[in-house]
Asker: 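Provided herewith is a single structure, encoded as structure tokens, for subsequent inquiry.
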Number of protein chains: 2
Amino acid sequence: MPPLDREPTRGSPDTKDRILAAAEALFMEQGYAATSLRAITAKAKVNLAAVNYHFGSKEALIREVFDRRLGPLNQARLDYLARLEFEAGGRALTPEKVLEAMITPVVQLSRDPLKRGAVFLRLLGRALSEPEDTMKQVLPIHYRDVVLRFKDALARALPEVPEQELVWRMHFTFGAMAYAMAGNDALQLITTCEAEGADDAEAIIRRLVPFLAAGLKAPAPQGLRTSTPQLTTNREAA
Amino acid sequence: MPPLDREPTRGSPDTKDRILAAAEALFMEQGYAATSLRAITAKAKVNLAAVNYHFGSKEALIREVFDRRLGPLNQARLDYLARLEFEAGGRALTPEKVLEAMITPVVQLSRDPLKRGAVFLRLLGRALSEPEDTMKQVLPIHYRDVVLRFKDALARALPEVPEQELVWRMHFTFGAMAYAMAGNDALQLITTCEAEGADDAEAIIRRLVPFLAAGLKAPAPQGLRTSTPQLTTNREAA
DNA sequence: GCATGATTCAAACACTTGTTTGAATCACGT
DNA sequence: ACGTGATTCAAACAAGTGTTTGAATCATGC
């Protein structure tokens, strides 16, 4: 019988964590749909039925894989941004600082006890462009506050950029970040630097922030029809 | 018996094309692994066995979905770049012009007879971050020349940017482009503008090029360990 | 000690997957 | 008109899918 909601104090044997870790790794390697419960339970060295016993279903498992990490990550981003704004007194932040608040928690996660966090980051980078329905439910919930808060911060940092333009540039920014996080060598631009340790993540941020900040600060292009994108979190967008 | 290599002149009934179109659409909606041959053949209104008869296997089908479009697209990019360089005489191009050569063929493809090309573009944008083994074989083959040619053109356009730095910035550039092409509203930044017609694609390029050009032109960050990425096309990188 | 509830386990469930088969149908050159 | 090879079709194939079941095992409170 499923425990329905066991207090996390009681020392459950680590099979739940083992499943989560194995799922994280396999989802990253093969994608969600292509990873079977049998592959997960085999890697985690637990019984096949354990997934349905502890999580209820495969979909609930992937949901928890993301929930477990995304909450703390995005809270750290919000905290970081709040701290920067407090330190700045009333003055507006630079775009570089705003990006730093967005990216630094990612780097910290990549320094996780022995690469567990790094695995998730690559998974997350890919998740942003997965067609899976589950993702279209999970991600907006976690990113809602982050997107709104950072949009406000960037708008203050870049008062000369029209709001519509800024939303598009945030779009591009997330794309570049996701691609960088995914460590995606699909085009195999990069062969070395595969030692994806902490040094690497820090080197990437040092390169990514100036790149994105320059893009965000660029003069707004002229002569555009005012096609009006909007910043919302409505789930029924598509 | 499979025809082994039928000359494309003979008027094969359009079942091959119907399969390709249906596969393209379904791969975009659900991803590769999650799309069954039965779903494809049902949408294409052909017999289930037709896929294996005409293509040999599911993997060969997805390979041909990409081969059919990626060859012409990347050739158009190379031609566009060559034309710009010819027009410039000996002078170096601006980064904006190089990006224009990269992106304009995409926009033209998006104007394809009634949205067929647009569907593929969203699929392609997602393909760059798919873990599927097939992709890691198909994409480098098609992108090898493009990556090398554009890297040279950008290096001439931006002589002050160190080569290592430039490779990273190309990486970020591809990420932002892929994300923009995929029309990915995973974070639901954008609700309006879902009428993804030709106007939209053109508006995106007008916003994307200045953003990326500014990032490419940014002053190189200081104090980096010289972690040395390299531009290669070796398939055994990961 | 035993009883109780949580957890594991092997086995089976119903179902879907990609692929193959062999006969039926079509197109068409002679 | 016949025959030949390409193409379609319904049916089946073995293998793999997520999920469920019911008994076995474990831990723990009394």
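In what follows, every chain begins at residue 1, and chains take the letters A, B, ... in the order their sequences are listed.
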Asker: Any ion pair linking B/K136 and B/E130 (charged N to carboxylate O, less than 4.0 Å)?
Answerer: no
Asker: If a pair satisfies salt bridge (Lys or Arg N to Asp or Glu O under 4.0 Å) and one of its residues is in residues 34-53 of chain A, list it, with sequence neighbours excluded.
Answerer: none
Asker: Of the candidate nucleotides C/dT7, D/dA12, D/dT19, which contains the atom at the shortest distance from the side chain of B/R38?
Answerer: D/dA12
Asker: Return the value, rounded to whole Å, for the distance between atom OH of A/Y53 and atom P of D/dC26.
Answerer: 15 Å
Asker: In terms of side-chain heavy atoms, does A/Q75 have a donor or acceptor partner in A/D79 at a distance below 3.5 Å?
Answerer: yes
Asker: Looking at B/H54, I'd like to know whether one of its side-chain N or O atoms comes within less than 4.0 Å of OP1 or OP2 on D/dA6.
Answerer: no
Asker: Output all residues satisfying side chain to side chain donor-acceptor pair (under 3.5 Å) with B/D67, sequence neighbours left out; order by chain, then residue number.
Answerer: B/H142
Asker: Using the side chain to side chain donor-acceptor pair (under 3.5 Å) criterion, which residues pair with A/N74? Sequence neighbours excluded.
Answerer: A/R77
Asker: Per the salt bridge (Lys or Arg N to Asp or Glu O under 4.0 Å) rule, what does the pair list look like for residues 51-63 of chain B, sequence neighbours excluded?
Answerer: B/E59-B/R63
Asker: Any residue in residues 22-31 of chain B with a heavy atom nearer than 4.0 angstrom to DNA chain D? Just list them by number, or reply none.
Answerer: none
Asker: Report yes if some heavy atom in the side chain of B/M170 is under 4.5 Å from a heavy atom in the side chain of B/K151; otherwise report no.
Answerer: yes
Asker: Give, ordered by number, those residues of residues 39-49 of chain B having at least one heavy-atom distance below 4.0 Å to an atom of DNA chain C; if nothing qualifies, reply none.
Answerer: B/L48, B/A49
Asker: Is the shortest heavy-atom distance from the side chain of A/V138 to the side chain of A/I62 under 4.5 Å?
Answerer: no
Asker: Given D/dA6, D/dG18, C/dG18, which nucleotide is nearest the side-chain atoms of B/L37?
Answerer: C/dG18
Asker: What's the CG-C1' distance between A/N52 and D/dT17, to the nearest Å?
Answerer: 12 Å
Asker: Provide, to the nearest angstrom, the distance between the CD1 atom belonging to B/I19 and the C1' atom belonging to C/dT19.
Answerer: 14 Å
Asker: Can you name the ring-ring contact (aromatic ring centres under 6.0 Å, His included) partners of B/F66, sequence neighbours left out?
Answerer: B/F120
Asker: Give every residue pair that meets the salt bridge (Lys or Arg N to Asp or Glu O under 4.0 Å) criterion with at least one member in residues 166-178 of chain B, sequence neighbours excluded.
Answerer: B/E165-B/R169
Asker: Could you state the CZ-C1' distance from A/F55 to D/dT20, rounded to the nearest angstrom?
Answerer: 18 Å
Asker: How would you list, by chain and number, every residue that makes a side chain to side chain donor-acceptor pair (under 3.5 Å) with B/R83, sequence neighbours excluded?
Answerer: B/E87
Asker: Quick one: CD on B/E29 to CG on A/D133, what's the gap to the nearest 0.5 Å?
Answerer: 10.0 Å
Asker: Return the set of residues passing side-chain contact (heavy atoms from CB on, under 4.5 Å) with B/A21 (not counting sequence neighbours), or none when no residue passes.
Answerer: B/R116
Asker: Taking only heavy atoms on the protein side, list every residue of residues 57-68 of chain B lying under 4.0 Å from any atom of DNA chain C, sorted numerically.
Answerer: B/S57, B/K58
Asker: Hey, what are the protein-to-nucleotides 24-26 of chain C N/O distances that come in under 3.5 Å?
Answerer:
none

Asker: Counting only side-chain N and O atoms of A/S36, is one of them less than 4.0 Å from OP1 or OP2 of D/dT17?
Answerer: yes
